[in-house]
Amino acid sequence: SNGIWAYIHRRSIMIETLTVSRKECYDDIIMSLVQGLLVKDDIKVIIQHYEDLEQYECCQGILDAYNDYRKTRKWIIR
């Protein structure tokens, strides 16, 4: 989706010199999912992007956010 490229561009500028925290990535991803800016397939691409930059704490935050979002969605649907 178009949201993924905007997300990666916005975040890439910051990442060049900083380590991105697990919480920061969690917060960004959960907000983007809730707002409908990202979809499941986008998560895979974003994780690969952060793995390439060796930002493993961020990768974990992304996975945590996605898993929490999925749990919340299942609860809301029931």
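For the numbers below, each heavy atom of this structure counts, side chains included, while hydrogens, waters and symmetry mates do not.
Atom CD1 in I30 sits 11.0 Å away from atom CG in L38 (nearest 0.5 Å). Note that CZ of R73 and CG of D68 are 14.0 Å apart. Values are rounded to the nearest 0.5 Å. Going from atom CG of D28 over to atom NZ of K23 covers 10.0 Å, rounded to the nearest 0.5 Å. In this structure, OG1 in T19 is found 10.5 Å from CD in E54, a value given to the nearest 0.5 Å.
A heavy-atom distance below 4.5 Å is found between the side chains of N67 and R70. For the pair R22 and D64, the minimum side-chain heavy-atom distance is below 4.5 Å.
In this structure, E51 and Y56 approach most closely via the heavy-atom pair O-OH, 3.9 Å. Heavy-atom minimum distance, I47 versus I62: CG1-CG2, 3.6 Å. The minimum heavy-atom distance between Y66 and I43, with the atom names listed, is CD1-CG1, 3.9 Å.
Less than 2.5 angstrom separates the SG atom of C25 from that of C58.
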(request) With side chain to side chain contact (heavy atoms under 4.5 Å, CB included) as the test, would you mind laying out the steps for V20 and E57 before giving the verdict? (result) CA-CA 7 Å; V20 183; E57 286 292 315; over 6 Å; no

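Distance alone, capped at 3.5 Å, is enough to place a donor-acceptor pair between the D42 side chain and the V39 backbone.
Each of M31 and L63 belongs to its own hydrophobic cluster when Ile, Leu, Val, Met, Phe, Trp and Tyr are linked at side-chain heavy-atom distances under 4.5 angstrom.
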